[in-house]
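Comments concern the structure below.
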Amino acid sequence: MSNQDIINGYKIIPMTSSEENYLIINYDSYDSIYGNIFIASTNKGICYIGLGSETEMLEELRKRYSLSDLVKKTDQQHSAAISQITDPDSAAEITFHIKGSDFQLEVWNELLNTECGKTCSYKDIAEKIGKPKAVRAVATAIGQNPVTFLIPCHRIIRSDGTLGGYYWGLDIKKKILKHESFR
DNA sequence: CCCTAACTAGTCT
DNA sequence: AGACTAGTTAGGG
């Protein structure tokens, strides 16, 4: 299974370490239904989405892509992301350019198969990637997802139906799920 | 229903 | 090597 398959209009391009050198990353902050949202992208795809002040997010971005050049500049990809977040059901085509271990990329790729408005369990994801016993590792990898909202880590909940965790806070997880099931 | 223990594999120190 | 996890299951209160 390739990491560059197109799934529901989404595609993940893994960022190699050589690519990361002197890579130009455009970032900016935008207003959204979830408040201020921070989006960053390379010339190949979106590499980070986060919630919080630009100062905090910039620091986070520098940690993740320490060798790249960060430039405050709006981008067509950013507006595509915003409209997709606003209307999660719309069939947009969005590409991600993200760094991660083989395992992480495999997990994030699998998340793209989850349907809007539905949920599935961490165990389901572990089984789908053929490592049914790696549930906890899968959960950790999901938590490291650099592109919140668009790589739908919020749709993954525990087997017993409870919400499980969420990096940006459980209230946001609830809010997204509610927004997605409206239709 | 809540609690604990055992199990599990990837990542970080 | 050891200590963490956005988990799961089985068991006992």
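We name chains A, B, ... by the order of the sequence lines, and we start the count at 1 in each one.
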Hey, would you say the A/Y65 and A/Y48 ring centroids sit under 6.0 Å apart?
no
Would one find a side-chain N or O of A/R136 under 4.0 angstrom from OP1 or OP2 of B/dT8?
no
Integer-rounded Å distance: B/dA9 P and A/I125 CD1:
18 Å
Is any NZ, NE, NH1 or NH2 atom of the basic residue among A/R64 and A/E60 found under 4.0 Å from an Asp or Glu carboxylate oxygen of the other?
yes
Using only side-chain N and O atoms of A/S101, determine if any of them is under 4.0 Å from OP1 or OP2 of B/dT11.
yes
Take atom CD of A/E127 and atom C1' of B/dA9, then tell me their distance rounded to the nearest Å.
15 Å
Quick check on A/I7: does its CD1 atom have over 12 non-hydrogen neighbours (other residues, nucleotides or ligands) under 6.0 Å away?
yes
For the student: nearest non-hydrogen atoms of A/Q84 and A/L150, plus distance
CG-CD2, 3.6 Å
Nucleotide opposite B/dT8 in a Watson-Crick or G-U pair, distances under 3.5 Å:
none
Quick one: is B/dT8 close enough that its OP1 or OP2 comes under 4.0 Å of any side-chain N or O from A/K131?
no
In whole angstrom, give the distance that lies between atom CD1 of A/I142 and atom C1' of B/dG10.
13 Å
Rounding to a whole Å, what distance do you find between A/D160:CG and B/dC2:C1'?
12 Å
Atom-pair distance (CD on A/E106; P on B/dA9), nearest Å
15 Å
Among A/K73, A/Q76, A/H78, find the residue that satisfies the side-chain hydrogen bond (donor to acceptor under 3.5 Å, both in side chains) test when tested with A/S41.
A/H78
Give one of base, sugar-phosphate or nothing for A/F103, where a contact means two heavy atoms less than 4.0 Å apart.
sugar-phosphate
Sort out the partner of C/dG13 for me: Watson-Crick or G-U wobble, both distances under 3.5 Å, none otherwise.
B/dC1
Measure NZ/A/K123 against P/B/dA9 and give the value in whole Å, please.
15 Å
Protein-nucleotide distance (A/R155, atom CZ; C/dA6, atom C1'), rounded to Å
17 Å
Distance check: side-chain N/O of A/T140 vs OP1/OP2 of B/dT11, anything under 4.0 Å?
no
What is the distance, to the nearest angstrom, from the NZ atom on A/K133 to the P atom on C/dT8?
16 Å
